[in-house]
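Here the structure comes first, spelled out in structure tokens, and everything after it is commentary.
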Amino acid sequence: RIVHPDDQHIPITQQPQVQRWFRKDGTLIWSEQYNVPIFDEEGDVVAIEGIARDITERKRVEDALRDSERRYRVVADLNTNWTYWQKADNSLEYVSPACESITGYTPAELQADPELIDRLIVQEDWHIWEAHRHDSPAVDGSRRVELRIQRRDGAIRWIHHVCRPVINEDGAYDGYHVSNQDITERKLAEKALQQSELRLRRLFEESPIATWEQNFSGARAYLRDLMATGISDINAYLKAHPEAIRQAVQLMSVTSVNKAGIQLYGATSQQALIEHFSSFLATDESQIDSLTAIAQGLTTFTGEFVNT
């Protein structure tokens, strides 16, 4: 009656057996038993000698570990990132299903041939991969790198690779846990943006119309400070105070100017025009409307100016 009903069918052998028992107080425990049957002269079992030890705590830890591993695999299997655990001997303990959508290879194929991961790296990025292996880890122990791989079908994909060392319960190194995120779409978007900016820069430089990028932040801060003193009509104030116009204009700067702009102002070079731009600007009432717009925070405005 003390053996759990589901374990009463377990045959008696000389091999270690695990069974559940009920204590006198009804508590269920796990035991590991070593049994030796005693036979009579006719070969029948007449007694059993055995040693049993309580392994309830060990079973609890094992069950908790299995549950933890199950929950980890559920999360890892559903993750769109390609994750894997590469052991210290280079074998792959685990490879997530997402590897197939990123590389074209199944987890089983990668586990059967761990060196396939190295062969996925495109030749032009191999030096990045080699350098990554010798990089110093971040504070959290991780190392990161972005590089390209070639899928089974020949397509090129960008991945963001993050790896962290795995330390076992004894404090010993046990390989790396790796997460690879497919960042191909981001890389394509970045490249498209760079190309767009390059085309815009070329249009800016080659335009026959004088064009420049002007920084109004200094003038805006000055005008806003004036308004903070109680000036409600900044336009009227500027008309009555030409020195304020001069001060605001002096606070304007240019960050870039095209060839037509250099020619318009008769400057010797782009750098010369940028450094002395305020000296080319009129400081009279022709600037009032634009300064009013700047003070009001408008992002677009038009005006006619007389440049000196």
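Residue indices begin at 1 and follow the sequence shown.
Its side chain within the 4.5 Å cluster rule, I156 clusters with V122 among the Ile, Leu, Val, Met, Phe, Trp and Tyr residues. Summarising the hydrophobic clusters (Ile, Leu, Val, Met, Phe, Trp, Tyr; side-chain heavy atoms under 4.5 Å, direct or chained), the residues clustered with L188 are none.
A salt bridge links D118 with R133; the closest basic N to acidic carboxylate O contact falls under 4.0 Å.
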CA sep, side-chain torsions, deciding dist, call: I149, T103, side-chain contact (heavy atoms from CB on, under 4.5 Å): CA-CA 8 Å; I149 63 171; T103 70; 4.0 Å; yes
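Sorted by first then second residue, the salt bridge (Lys or Arg N to Asp or Glu O under 4.0 Å) pairs that include residues 98-115, not counting sequence neighbours, are E109-R152, D113-R119. Among pairs with a residue in residues 255-270, those fulfilling salt bridge (Lys or Arg N to Asp or Glu O under 4.0 Å) read E206-K259, at least two apart in sequence or across chains. The salt bridge (Lys or Arg N to Asp or Glu O under 4.0 Å) pairs that include a residue from residues 32-42 are E32-R53, E32-R58, where partners are two or more places apart or lie in different chains. A salt bridge (Lys or Arg N to Asp or Glu O under 4.0 Å) check over residues 225-246, counting only residues at least two apart or in different chains, returns nothing.
Atom SG of C99 is separated from atom CG of N180 by 10.0 Å, given to the nearest 0.5 angstrom. If you take CD on Q19 and OG on S31, they are separated by 6.0 Å, rounding to the nearest 0.5 Å. To the nearest 0.5 angstrom, L226 atom CG is 7.5 Å from L238 atom CG. Distance NE2/H127 to CD/E130: 11.0 Å, rounded to 0.5 Å. Interatomic distance, CG of L120 versus CZ of R151, reported as 10.5 Å (0.5 Å rounding). We find the CZ-CH2 distance between F204 and W212 to be 9.5 Å, quoted to the nearest 0.5 Å.
Of the possible donor and acceptor atoms, one in the side chain of W85 sits under 3.5 Å from a partner among the backbone N and O of D174. With hydrogens and angles disregarded, no donor-acceptor distance shorter than 3.5 Å links the side chain of D170 to the backbone of A172. Side chain of Q111 to main chain of L92: a donor-acceptor pair is present (N/O by atom type, distance under 3.5 Å, no hydrogens or angles). In this structure a side-chain-to-backbone donor-acceptor pair under 3.5 Å is missing from S142 to V162. N235 places no side-chain N or O within 3.5 Å of a backbone atom of T292 that could act as its donor or acceptor partner.
The side-chain contact (heavy atoms from CB on, under 4.5 Å) check on L298 picks up A293, Q296, with sequence neighbours excluded. Under the ring pair (Phe, Tyr, Trp, His ring centres under 6.0 Å) criterion, Y176 pairs with Y173, not counting sequence neighbours. Considering only residues two or more places apart in sequence or on other chains, E190 meets the side-chain hydrogen bond (donor to acceptor under 3.5 Å, both in side chains) condition with R186. Under the ring pair (Phe, Tyr, Trp, His ring centres under 6.0 Å) criterion, Y222 pairs with no residue, sequence neighbours left out. For H132, the ring pair (Phe, Tyr, Trp, His ring centres under 6.0 Å) partners two or more places apart in sequence, or in a different chain, are W129, H161.
Residues R201 and S256 have side chains that bring a donor and an acceptor to within less than 3.5 angstrom of each other. Looking only at atom types and distance, the side chain of R157 has a donor-acceptor partner in the side chain of T184 under 3.5 Å away. No donor-acceptor contact under 3.5 angstrom links the side chains of T83 and N81, judged on distance only.
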Can you give me every donor-acceptor pair (side chain of residues 266-273, partner residue at least two apart or in another chain, under 3.5 Å) with its distance?
residue: S269; atom: OG; partner: A272; partner atom: N; Å: 3.1
residue: Q270; atom: NE2; partner: V257; partner atom: O; Å: 2.5
residue: Q271; atom: NE2; partner: E275; partner atom: OE2; Å: 3.0

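For L198, the CG atom is densely surrounded, since the number of other residues' heavy atoms within 6.0 Å is greater than 12.
Contact check for T27 versus F22: no side-chain heavy atoms found under the 4.5 Å cut-off. Within the 4.5 Å cutoff, side-chain heavy atoms of E197 are placed close to those of L193. Side chains of I29 and R20 form no contact here, defined as non-hydrogen atoms less than 4.5 Å apart.
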